[in-house]
Amino acid sequence: MTELKNDTLLRAFLRQPVERTPVWIMRQAGRYLPEYREIRAKAGSFMNLCTNPELACEVTMQPLRRFKLDAAILFSDILTIPDAMGLGLYFEEGEGPKFKTPLRTESSIKKLAVPDPEDSLRYVTDAVRTIRKELDGSVPLIGFSGSPWTLATYMVEGGSSKDFKTIKGMAFENPAMLHHLLDTNAKAVTEYLNAQIKAGAQAAMIFDTWGGVLSTEMYQSFSLQYMQQIVDGLIREHEGRKVPVILFTKNGGQWLDAIADTGCDAAGCDWTITLAEARAKVADKIALQGNIDPCILYAKPERIREEVQKTLSSYGPAKSGHVFNLGHGIHPGVNPDNLGVLIDSVHELSPALHK
């Protein structure tokens with residue numbers, strides 16, 4: 001086991017003392033970086049990047065060469081699981097991900113099988129192993145998956161949606177069928193994340209991107225209970241270290257107390273709730289990640305620095321328990337220099353809150 005030189009992020013997720021607030025950025029490897037756009041053009045397609053472990057490793061490492069980040073995150077896509085289930089994932093320029101065979105019938109849902117992560121998803125676990133070797137213990141590697149509900153929205157709608165009418169209609173008209181799909185997804189995500197952890201991922205994050213479109217009752221029934229199922233089934237210690245689990249429901253700040261009760265180690269927050277409010281909701285039972293608005297990165301450096309200070313101060317003085325991040329993924333049009341300002345500001349301003 002390679003010694004981890006910077007474990008600040010893992011300690012913060014576990015609410016252990018740290019000297020400063022660690023920082024990483026959702027979608028930190030992506031289109032805002034010119035070096036990413038160059039390698040993406042050479043690869044020919046987004047999926048070619050995802051399915052080539054060496055290219056996925058290169059893209060994962062790119063932001064770490066530019067910025068003083070406290071973590072790497074696996075470069076992949078949340079829809080790898082349904083693609084491995086045979087739904088035929090493809091991407092159309094300007095339209096996002098789509099599936100050739102969306103799930104609309106009970107028979108198609110009951111035919112779904114949990115994919116073997118070391119078979120049809122081997123390119124992901126190979127990427128994890130390659131990245132861990134390349135990192136050489138510099139910072140921890142975060143593995144991830146989409147939540148069962150978020151995966152199901154794409155699988156049923158056939159792609160992105162503005163109103164989620166098909167899957168919500170299924171929830172109202174045939175909840176048993178939807179629960180069967182979500183249970184299958186939960187089992188698949190559990191196996192997938194455990195395979196990432198065995199391959200070397202040192203933290204696991206579940207992205208519930210579309211949980212916030214649900215009512216409270218439906219969120220509990222169709223999203224949170226399946227994330228709970230995954231948390232209960234995950235490997236929580238590997239290579240002699242605890243493996244933090246982070247749940248992130250976009251627009252889910254009102255449910256943070258329930259999220260904290262799942263047994264996860266941390267919850268992601270978007271910018272629709274202050275960290276002070278979030279901290280009060282979780283009663284310091286778990287760590288918090290977030291939560292500055294990504295659009296701050298279009299502002300001037302002095303404004304970025306001000307907002308970083310405001311976000312840090314909102315969490316308040318603490319020995320640990322806060323991981324700085326955006327409230328959602330970085331926008332493709334952002335100037336990378338502005339992200340550098342944000343990261344440097346976190347490093348410069350946060351130590352005062354940890355004394």
Side-chain angles (χ1 to χ4, degrees), residues 1-7 9-10 13-14 24 26-30 39 43 46-64 69-85 89 113-148 151 185-207 227 229-248 264-266:
M1 181 178 69
T2 305
E3 183 181 353
L4 192 54
K5 302 175 184 72
N6 176 1
D7 66 350
L9 177 106
L10 299 183
F13 275 142
L14 297 171
W24 72 280
M26 286 187 274
R27 294 197 196 125
Q28 64 188 28
I39 199 169
F46 176 74
M47 285 305 293
N48 284 349
L49 276 185
C50 289
T51 57
N52 184 310
E54 287 72 30
L55 292 181
C57 175
E58 170 59 23
V59 171
T60 299
M61 297 299 297
Q62 286 176 344
L64 298 172
L69 292 155
D70 291 299
I73 183 165
L74 166 70
F75 179 79
S76 188
D77 191 82
I78 64 168
L79 299 179
T80 51
I81 287 176
D83 184 46
M85 289 175 167
L89 176 65
V114 173
D116 181 349
E118 290 292 355
D119 182 14
S120 53
L121 290 164
R122 178 65 181 259
Y123 63 89
V124 176
T125 53
D126 280 348
V128 170
R129 285 182 275 265
T130 304
I131 295 163
R132 271 295 301 272
K133 185 176 179 181
E134 184 69 19
L135 284 170
D136 193 29
S138 55
V139 294
L141 174 63
I142 302 170
F144 75 92
S145 175
S147 73
L151 297 182
N185 283 353
K187 290 172 181 172
V189 170
T190 303
E191 290 197 18
Y192 182 54
L193 287 177
N194 279 339
Q196 290 183 36
I197 292 166
K198 290 175 184 176
Q202 291 149 298
M205 183 162 173
I206 299 171
F207 286 88
M227 289 195 287
Q229 182 176 326
I230 295 164
V231 171
D232 290 344
L234 286 182
I235 297 167
R236 303 299 287 271
E237 189 168 334
H238 189 61
E239 298 180 321
R241 280 185 172 272
K242 290 186 177 179
V243 180
V245 176
I246 309 99
L247 305 185
F248 173 53
C264 66
D265 297 290

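Computed over heavy atoms, backbone and side chain alike; hydrogens, waters and symmetry mates excluded.
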At their closest point, which heavy atom of [X] faces which heavy atom of [Y], and how far apart are they?
| X | Y | answer |
| --- | --- | --- |
| Gln28 | Ala72 | NE2-CA, 3.8 Å |
| Ala188 | Pro115 | CB-CD, 4.0 Å |
| Ala71 | Trp24 | CB-CB, 4.1 Å |
| Ile131 | Ala56 | CD1-O, 4.4 Å |
| Glu58 | Ile39 | CG-CD1, 3.4 Å |

*Could you check Ser138 against Leu64 for side chain to side chain contact (heavy atoms under 4.5 Å, CB included), going step by step and ending with a plain yes or no?*
CA-CA 10 Å; Ser138 55; Leu64 298 172; 5.6 Å; no
Salt bridge flag under 4.0 Å for residues [X] and [Y]:
| X | Y | answer |
| --- | --- | --- |
| Asp265 | Arg236 | yes |
| Arg122 | Asp116 | no |
| Glu54 | Arg129 | no |

Roughly how far, to the nearest 0.5 Å, is [atom2] of [Y] from [atom1] of [X]?
| X | Y | atom1 | atom2 | result |
| --- | --- | --- | --- | --- |
| Asp83 | Ile78 | CG | CD1 | 12.5 Å |
| Asn185 | Ser147 | CG | OG | 8.5 Å |
| Asp7 | Glu3 | CG | CD | 9.0 Å |
| Glu191 | Lys187 | CD | NZ | 9.5 Å |
| Asp70 | Ile142 | CG | CD1 | 10.0 Å |
| Asp126 | Thr51 | CG | OG1 | 11.5 Å |

*asked:* Taking salt bridge (charged side-chain N to carboxylate O under 4.0 Å, His left out) as the definition, give me every residue that meets it alongside Glu134, ordered by chain and number, with sequence neighbours left out.
replied: none
*After noting the C-alpha distance and the side-chain angles of Ile73 and Arg27, does the key distance pass the side chain to side chain contact (heavy atoms under 4.5 Å, CB included) rule?*
CA-CA 8 Å; Ile73 183 165; Arg27 294 197 196 125; over 6 Å; no
State, yes or no, whether a side-chain contact exists between [X] and [Y] at a heavy-atom distance under 4.5 Å.
| X | Y | value |
| --- | --- | --- |
| Asp232 | Thr190 | no |
| Asn48 | Leu55 | no |
| Tyr123 | Asn52 | no |
| Met26 | Phe248 | yes |
| Val139 | Leu69 | no |
| Leu193 | Val245 | no |
| Cys264 | Ile246 | no |
| Pro140 | Leu4 | yes |

Listing, residues 196-207 side-chain donor-acceptor contacts under 3.5 Å, not counting sequence neighbours, or none:
unit_1: Gln196; atom_1: OE1; unit_2: Phe144; atom_2: N; d: 3.0
unit_1: Gln196; atom_1: NE2; unit_2: Phe144; atom_2: O; d: 3.0
unit_1: Gln202; atom_1: OE1; unit_2: Leu141; atom_2: N; d: 2.8

*Using the side chain to side chain contact (heavy atoms under 4.5 Å, CB included) rule, take Val243 and Leu234 through it: C-alpha gap first, then chi angles, then the decisive distance, then the call.*
CA-CA 9 Å; Val243 180; Leu234 286 182; over 6 Å; no
*Decide whether Thr80 and Tyr192 meet the rule of one side-chain donor and one side-chain acceptor closer than 3.5 Å.*
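Side chains of Thr80 and Tyr192: pair found under 3.5 Å.
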*asked:* Test side chain to side chain contact (heavy atoms under 4.5 Å, CB included) on Met227 and Val189; report intermediate values, then the result.
replied: CA-CA 9 Å; Met227 289 195 287; Val189 170; over 6 Å; no
*Side chain of Lys5, backbone of Asp136: donor and acceptor closer than 3.5 Å?*
yes
